[in-house]
Amino acid sequence: MNYWLVKSEPDVYGWDHLVKEKEGTWDGVRNHQARNNLKAMKKGDLVLFYHSQSTKDVVGVAEVSKEFFQDPTTDDPAWVSVKLKPYKKFTEPVTLAAIKANVKIKELVMLRNGRLSVMPVSKPEFNEIVKMSKTKL
DNA sequence: GCCAACGTTGGC
DNA sequence: GCCAACGTTGGC
């Protein structure tokens with residue numbers, strides 16, 4: 001079981017969209033590093049769902065429901081998508097400021113490479129963020 | 001709205 | 001193959 005974090009602009013495709021659709025296709029990724037991470041995702045992996053730009057917080061956990069396949073938004077076989085479904089909404093969103101303030105997770109990839117949209121999260125980091133959200137998974 | 005970080009593009 | 005210019009992302 002691996003853990004991940006995906007970033008999304010809530011205006012474009014936020015947590016609420018995912019909940020409404022029940023299952024969302026994570027397409028349009030055009031970054032090699034992010035693509036490699038998508039390919040490494042396994043069904044059942046848990047994914048922190050981060051809202052960028054407006055609220056800047058992790059709002060919940062999604063689950064990988066389908067492993068990578070050809071990105072439907074392009075014919076270029078270089079790009080892939082996965083499918084995600086909502087797993088659990090956080091009781092309290094975990095803000096970027098709170099993450100930055102927590103020394104236990106200062107190695108989080110997001111803090112080092114702010115522009116990556118799909119990134120791995122270690123198990124301790126995942127657990128710590130869930131703990132900060134006061135959510136029981 | 002500004003700026004930093006990073007990826008991509010194109011000239012050489 | 002290097003590097004400057006440019007575009008995009010995302011935090012502030």
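Model, not experiment: these values are computed from the prediction. In what follows, every chain begins at residue 1, and chains take the letters A, B, ... in the order their sequences are listed.
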Sorted by chain and number, sequence neighbours left out, side-chain hydrogen bond (donor to acceptor under 3.5 Å, both in side chains) with A:S54 holds for none
So does A:D76 have more than 12 non-hydrogen atoms from other groups sitting under 6.0 Å from CG? yes
When you compare the protein's N or O atoms with those of nucleotides 3-5 of chain C, which come within less than 3.5 Å of each other, and at what distance?
none

Does anything in residues 94-120 of chain A pair up under side chain to side chain donor-acceptor pair (under 3.5 Å), and if so which pairs, sequence neighbours excluded? A:N102-A:E128
Residues which pass salt bridge (Lys or Arg N to Asp or Glu O under 4.0 Å) with A:K42, listed by chain and number, not counting sequence neighbours: none
Can any side-chain N or O of A:E67 pair as donor or acceptor with the backbone N or O of A:K43 at less than 3.5 Å? yes
Do NZ/NE/NH1/NH2 and the carboxylate oxygens of A:R35 and A:D71 come within less than 4.0 Å? no
Going by ring pair (Phe, Tyr, Trp, His ring centres under 6.0 Å), name the pairs with one or both residues in residues 51-81 of chain A, residues two or more places apart or in two chains. A:H32-A:W79, A:F49-A:H51
Every protein N/O lying under 3.5 Å from an N/O of nucleotides 8-12 of chain C:
{"residue": "C:dT8", "atom": "O2", "partner": "A:R115", "partner atom": "NH1", "Å": "3.1"}
{"residue": "C:dT8", "atom": "O2", "partner": "A:R115", "partner atom": "NH2", "Å": "2.9"}
{"residue": "C:dG11", "atom": "OP1", "partner": "A:Y50", "partner atom": "OH", "Å": "2.8"}
{"residue": "C:dG11", "atom": "OP2", "partner": "A:Q53", "partner atom": "N", "Å": "3.0"}
{"residue": "C:dC12", "atom": "OP1", "partner": "A:K100", "partner atom": "NZ", "Å": "2.5"}

